Structures are given as C-alpha cells and as structure tokens.
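Written below as structure tokens is the structure these notes are about.
This is a predicted model, so every value here is computed, not measured. Residue numbers start from 1 in every chain, and the chains themselves are labelled A, B, ... in the order their sequence lines are given, proteins ahead of strands.
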Protein chains: 2
Amino acid sequence: MAKKKDITGDLSTEEKIKEAARQVFTKKGYAATRTRDIAEEAGINLALLNYYFRSKEKLFEIVIMEKMQLLLGKIGPVLTDEKTTIEEKVEDISEHYISTLIANPDIPLFVLGEIRNNPEKFANLIMTKTKIVNSAFFKQLAARRPDIDPLHFIFNMLGLIIFPFIGKPLIQLITGIPSERAVVLMNERKKLIKTWFQAMLDAK
Amino acid sequence: MAKKKDITGDLSTEEKIKEAARQVFTKKGYAATRTRDIAEEAGINLALLNYYFRSKEKLFEIVIMEKMQLLLGKIGPVLTDEKTTIEEKVEDISEHYISTLIANPDIPLFVLGEIRNNPEKFANLIMTKTKIVNSAFFKQLAARRPDIDPLHFIFNMLGLIIFPFIGKPLIQLITGIPSERAVVLMNERKKLIKTWFQAMLDAK
DNA sequence: GTCTATATTGTGATAGAC
DNA sequence: GTCTATCACAATATAGAC
C-alpha cells in the first residue's frame with residue numbers, strides 16, 4: 001500500500017529533482033529550503049542538482065512559475081469573458097480553484113509569500129496575466145451594486161475560496177479536524193460559495 | 001516631514017533592536033532575515049544583537065509570540081462569550097481585527113507562514129488560546145443553520161476579514177491601487193462584513 | 001555597553017575520479 | 001551521468017579591547 005507518490009521511483013533524474021523541488025519549495029519557501037533537502041527528497045546526489053539546473057535560483061524559477069500559472073492562469077480569461085453572467089463566473093472560478101487547491105493546498109501561502117519577498121520580480125508577469133480592473137466582471141459588479149466598490153466583491157470571492165487553504169494549518173491546530181474531513185468541507189464550498197456570493201450581492 | 005518612525009532615535013538600544021526585529025521578521029520571515037538586516041535597520045552594531053538577545057532564534061521567539069498574541073488573543077474570549085449574539089460577535093471581531101491589521105498588515109502572512117514552517121512549535125499555544133469548537137459561537141451557528149457545518153462560517157468570517165491583507169501584495173500589483181485607497185477600503189469592510197455575514201447566514 | 005576582529009558553522013556550488 | 005571530496009563564501013556567534 002504505497003499511498004504517497006515515491007519520487008525515488010522510475011522517473012528520470014531530472015524529473016525526480018524537479019518533483020522534489022516542487023514539494024520542498026512549496027512546503028517551506030525559497031529561503032528556508034536547502035538544496036540538500038531537495039537532493040535528499042529526490043534520492044539523488046547533491047551535485048546532480050547543479051548539473052541539471054545550474055543553481056538553486058534557476059530551479060526555483062521553474063517551480064514558482066509553474067505554481068503561479070496554476071494559481072493565476074484561470075482567473076484572467078474567466079473575468080474578462082463578456083458573455084457569462086456574474087453568477088456563472090463565480091461558480092466557474094469557485095469550482096476550478098477549489099479542485100486545484102485540494103490537489104495543491106500549499107500553493108497560495110507559497111506564492112503569496114514569495115511575492116511578498118520579491119514583488120518587483122513578479123510585477124510584469126502578474127499584470128499581463130490578470131486584468132481585473134476594467135474586466136467584464138468588474139463592470140458587471142459595478143452595474144449590479146453601484147453603491148459598493150467592486151474590489152470588495154473580488155476580495156470576498158477570493159477570500160471565500162482561498163482563505164481556507166491558507167488558514168488550514170491554523171484551523172487544523174485549533175479544531176483538530178482530520179485532513180479527510182477538511183477535503184469534504186472544501187468540496188462542499190464549491191456550491192455554497194455561489195449561494196453566499198449571491199446573498200452578499202443582494203444584501204442591503 | 002519624518003513620516004516613518006525612525007527607530008534609530010531615542011529608544012534604548014535593546015528596544016531599538018526589538019523594534020527593528022519586528023519590522024524585518026514580519027516583512028521577510030525568519031529564514032530570509034539576516035541578523036545583519038536587523039542590526040542595520042536598528043542602526044546598531046551587529047554584536048549588540050547577540051549581547052542583548054543571545055541569538056537570532058531567541059529574538060525571533062519574542063517577536064513571533066507578540067504577533068501571535070495580536071492575531072489570536074482577541075478571538076477566543078469573543079467566541080466563547082455566552083451573552084452576545086452571533087451578529088455582535090461578528091461585528092466585534094470584524095472591527096477589532098481590521099483596525100489591528102491596518103496598523104500591522106504583514107502579520108497574517110508572517111504568522112501563518114511561520115506556523116506552516118513549524119507547526120509543532122505552536123501547537124500548544126494555539127490550542128490554549130483559541131477554543132473554537134464547542135464555543136458559544138459554534139453552538140449558535142449550529143442552532144441557526146443546522147444544515148451547514150459551523151466551520152464554514154468560521155472560514156467565511158476569517159476569510160472576509162483576513163484575506164484582503166494576505167492578498168494585498170497580489171491585489172496591489174493587479175489593480176495598482178495606492179495604499180491610502182486600500183486603507184479606505186479596509187475601513188469600509190468593518191461595517192460591510194457584518195451585513196454580508198448576515199446575508200450568508202440567511203441564504204437558502 | 002559598544003566596538004573590531006575573528007572564530008565557527010552552514011550552504012551553494014564545482015573539480016575531478018569513475 | 002553520477003559520485004566523493006572540497007572549495008568559497010555567507011551568516012551566526014563570540015572574544016577581547018576600549
């Protein structure tokens with residue numbers, strides 16, 4: 001019964017290192033990660049890391065860009081779609097992100113932490129990836145609730161979706177709920193968030 | 001016009017170091033912080049840091065415990081209060097935390113990041129500080145909406161309050177809104193969150 | 001208490017044998 | 001391609017003069 005993926009298995013050496021880097025970097029962040037941790041996790045010799053990827057920094061670039069794509073890739077296209085309603089956009093984003101984050105729960109804290117430590121580095125990438133202001137979603141929100149800044153609803157949507165994954169270590173400690181139960185809860189939220197978001201839109 | 005507090009001023013050396021440590025640690029996290037950064041920020045000699053605090057680790061303990069207290073200190077007493085309603089609890093927590101976080105916007109990402117890197121270390125502290133399950137708030141939520149796990153509403157409340165501060169670097173990059181405007185938005189949320197939370201509670 | 005100089009350790013990276 | 005051994009430098013910490 002080998003539940004956890006064993007990356008010391010049949011992958012190529014290069015792929016073993018990359019997969020180990022994904023795990024260690026996303027779990028501990030760039031600064032707290034030592035190349036020796038990655039080598040050990042991959043079950044390879046430390047020198048091979050530099051042989052394949054030249055440096056810790058270069059390997060990190062690959063991982064962070066992958067994860068950033070996963071976190072931000074979907075949002076731009078959905079929000080700028082002129083043909084869908086607010087409700088459809090919210091449901092689409094909610095279902096897509098919760099599924100993605102159940103499979104990759106460490107991503108939000110990882111990506112947001114690295115952006116904090118190096119905002120300039122990601123400025124260009126982010127601005128091209130996500131056109132929120134002046135998006136169709138933004139205009140639809142402004143039309144629906146002209147009395148409230150549309151940014152509030154952006155915060156609300158992302159907060160409802162992403163926060164449970166960021167706060168998970170804390171919530172797990174506080175409540176002691178097991179991981180399987182947490183997954184059930186997250187799946188429940190896919191549908192609930194749509195309902196809650198509508199309620200917030202209509203709240204007076 | 002000296003807007004930013006100058007910690008090289010009239011504080012005691014010990015306090016200068018501690019204040020510099022607060023700033024650097026919360027902004028960059030433990031691993032990415034060098035003791036030299038702290039010494040420079042404090043305007044003191046590097047050796048003095050070890051003279052007063054023995055080690056980077058010991059200095060960090062002081063700072064993280066302070067910040068954890070700031071983030072978690074209020075929540076337990078409010079949630080376990082048998083005499084207040086759901087609405088009063090939400091308003092109380094919302095106003096208190098948003099004020100606190102406007103003054104200390106880096107705290108959530110800092111604290112949650114360090115918990116992630118060292119969950120065992122904070123396990124005891126957190127469990128004693130925050131009794132969420134079986135709190136009055138928890139029971140009130142279960143009575144009000146027996147069809148939905150109360151944890152969902154805990155997630156929702158904390159997400160609405162805390163996420164904007166965690167996502168701020170990202171949102172700033174995406175929207176380009178200036179910091180002053182962000183503060184205005186956060187203050188608006190104090191009242192809005194109460195309304196939104198009620199709407200979510202009543203949503204069918 | 002504060003400084004300069006230095007010891008000590010940790011960590012990324014490479015040389016060179018196989 | 002992979003390994004062992006080692007280098008080079010960065011970062012924490014301390015010794016000892018003032």
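A:E15 places its CD atom 14 Å from the P atom of D:dG1, with the value rounded to the nearest Å. Atom pair A:R36:CZ and C:dT14:P shows a separation of 14 Å (rounding to whole Å applied). A straight line from CD1 of A:I44 to P of D:dC3 spans 8 Å, rounded to a whole angstrom.
Side-chain nitrogen and oxygen atoms of A:T13 include none within less than 4.0 Å of the OP1 or OP2 phosphate oxygen of D:dG1. Side-chain nitrogen and oxygen atoms of B:R34 include at least one within less than 4.0 Å of the OP1 or OP2 phosphate oxygen of D:dA11.
Both tests do not hold together for A:K89 against A:F197: distance to the six-membered ring centre under 6.0 Å, angle to the ring axis within 45°.
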Apply side chain to side chain contact (heavy atoms under 4.5 Å, CB included) to the pair A:R54 and A:L59, showing each step before the final yes or no. CA-CA 8 Å; A:R54 259 195 79 76; A:L59 180 53; over 6 Å; no
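Taking 4.0 Å as the cut-off between side-chain N and carboxylate O, A:K121 and A:E61 count as a salt-bridged pair.
Classification of the B:Y30-B:F25 ring pair by plane angle, with boundaries at 30° and 60°, yields parallel.
In the model, B:S99 has a side-chain atom that pairs as donor or acceptor with a side-chain atom of B:K190 under 3.5 Å.
Contact annotation for A:T33: backbone-only contact, meaning every heavy-atom pair under 4.0 Å involves sugar-phosphate atoms and none involves a base.
To the nearest 0.5 Å, atoms CD1 (A:I107) and CD (A:Q69) are separated by 11.0 Å.
The stretch residues 45-58 of chain B touches DNA chain D through B:A47, B:N50, B:R54, B:S55, B:K56, each having a heavy atom within less than 4.0 Å of the strand.
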